[in-house]
Chemist: 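The structure that follows is given in the form of structure tokens.
Just follow the structure's listing: the first ligand is 1, and inside any ligand the first atom is 1. Computed from a predicted model, the values in this text were never measured in an experiment.
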Amino acid sequence: MDILPSLGQAAPPRFDPAIWPITAHPDEEGRLCVGGVPLADIADEFHTPAYVIDENDFRNRARRYRKALRGSNGFEVVYAGKSLLTTAVARWAREEGLGVDVCSSGELAVALAGGVDPARIVMHGNAKSPDELREAVRAGVGRIVLDSCVEIAYLAGVAQRRQPVLIRVTPDIDIHGHRAVTTGISDQKFGFTLAEGQAADAAKRVLAHPILDLVGLHCHIGSQVTDPALYGEAIHRMIAAMADIRAQHGVILTELNIGGGHAIPYIPGDRELDLGELARVIEDALDEACAAEHFPRPKIVVEPGRAISGRAGVTLYRVCSVKTQSGGRTFVAVDGGMSDNPRVSLYGAQYTVALANRHPLGHKQRVTVAGRHCEAGDEIARDVELPADLRPGDLLAVACTGAYHHSMASNYNMVGRPSLVAVKDGRARAMVRRETIADLLSRDCG
Ligand SMILES: Cc1ncc(COP(=O)(O)O)c(C=O)c1O
């Protein structure tokens with residue numbers, strides 16, 4: 001490349017900008033840098049495995065949402081905290097003008113500690129306890145999304161003042177994705193179905209409690225949705241449901257929360273939900289549906305999680321061993337695995353992996369990057385191309401691990417959870433420290 005610089009310009013970038021954080025680039029030693037920091041330095045300082053989050057990537061994507069939907073008349077972007085939440089992340093979301101959605105008292109506490117205005121918090125969950133509802137009410141959360149009849153009664157019992165609520169509705173839209181994240185069809189646990197009048201019955205129950213202020217409906221059709229037209233269809237069905245509620249109860253709902261689920265690419269060639277397209281589909285569907293039902297345009301709320309936090313994150317692993325089994329497959333074993341990334345075993349997720357500590361010179365070979373845990377299925381990436389001279393001590397970076405990694409990590413095999421390190425403008429700092437063996441023992445009551 002030094003001899004023929006034009007070759008470098010013609011070659012595809014080593015770190016595909018569709019998949020890696022916006023600041024990812026190799027330095028002259030071939031080390032992958034994110035947020036201006038060589039990841040090898042982070043591995044040295046914070047040890048591995050480590051989650052690294054590019055603050056600028058997160059903030060940039062949050063801003064893109066606000067910009068893309070700015071044209072819409074009355075909209076709100078609420079960041080889905082379940083994808084990644086720490087007090088710093090909550091602060092970033094707040095500073096970028098986003099609300100935060102939470103689905104437990106723990107997430108609520110983190111959002112509040114991160115300075116999020118309670119009025120901008122949306123509380124979710126299909127099995128909220130009376131205590132969780134009480135805490136949400138006490139904190140003054142802006143919206144509680146009701147998911148069952150008993151929850152309506154619980155909330156009416158604990159509310160101190162008029163509490164704005166939404167009803168979660170399943171609009172019977174199949175995203176044809178993984179079963180675990182297909183949440184818009186009737187045959188799953190969330191929400192009230194439109195079919196058989198469950199949603200209309202829920203509205204009647206809510207309206208019977210004057211302390212509950214029914215402001216709108218909510219739906220979340222699933223995750224990794226690539227086709228914006230599905231959101232258009234959801235809007236049509238939800239506006240029709242709102243018109244039914246007006247016809248039956250004389251109430252005009254003013255808010256429609258269409259959830260999140262916007263797809264991001266994990267490996268080259270994966271499709272991404274186009275944000276500009278989504279904004280157009282929302283506008284068109286709203287215009288048509290509201291005109292058809294003679295219904296006033298409600299405020300639209302979207303709840304993206306991974307589309308904001310996913311690509312900001314990379315996970316660092318140290319190579320522990322490289323071996324080729326008699327079946328012919330080469331396994332690169334690393335010092336993390338399904339405890340820090342359960343998505344491979346849960347959803348068969350695929351990942352992009354790169355050598356992060358040096359130039360990847362010479363031949364490549366197809367390998368499986370395997371974890372350290374006691375299961376043959378503990379793999380991070382299968383059949384990925386990595387340098388043939390990969391050796392113990394090398395550093396690997398796995399892209400797109402900002403969402404549902406830190407938040408889904410476990411202590412399987414009594415392994416402490418990794419640190420979460422923020423990088424920005426050449427500086428790295430711990431957002432969450434590594435879990436120690438002392439931490440693990442401290443919960444064991446003997
Ligand atoms: C109600 C709700 N909103 C938003 C999201 C965020 O989904 P994603 O991270 O795929 O955007 C989820 C994910 O489970 C959800 O359940």
Chemist: Do the ring centers of F58 and Y79 come within less than 6.0 Å of each other?
Modeler: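 Yes, the ring centres sit under 6.0 Å apart.
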
Chemist: Given side chains that start at C-beta, do those of V302 and I258 come closer than 4.5 Å, heavy atoms only?
Modeler: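 Yes - at least one pair of side-chain heavy atoms lies under 4.5 Å apart.
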
Chemist: Would you call the rings of Y65 and H262 parallel, tilted or perpendicular, taking 30° and 60° as the class edges?
Modeler: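 Rings of Y65 and H262: parallel, as their planes differ by under 30°.
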
Chemist: Kindly state whether the ring of H405 and the ring of Y351 have centres lying under 6.0 angstrom apart.
Modeler: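 Between Y351 and H405, which both carry aromatic rings, the centre distance is below 6.0 Å.
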
Chemist: Among pairs that include at least one residue of residues 139-153, which meet side chain to side chain donor-acceptor pair (under 3.5 Å), considering only residues two or more places apart or in two chains?
Modeler: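 Sorted pair list: K128-E151, R143-E255.
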
Chemist: Select all protein residues for which some heavy-atom-to-ligand 1 distance is less than 4.0 Å, and list them by chain and number.
Modeler: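 For ligand 1, the contacting residues are A80, K82, D101, H124, R168, H218, H220, S223, G260, G261, H262, E303, P304, G305, R306, Y404.
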
Chemist: Taking the six-membered ring of F295, is the NZ or CZ of R246 close enough (under 6.0 Å from the centre) and on axis enough (within 45°)?
Modeler: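 So R246 doesn't make the cation-pi contact.
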
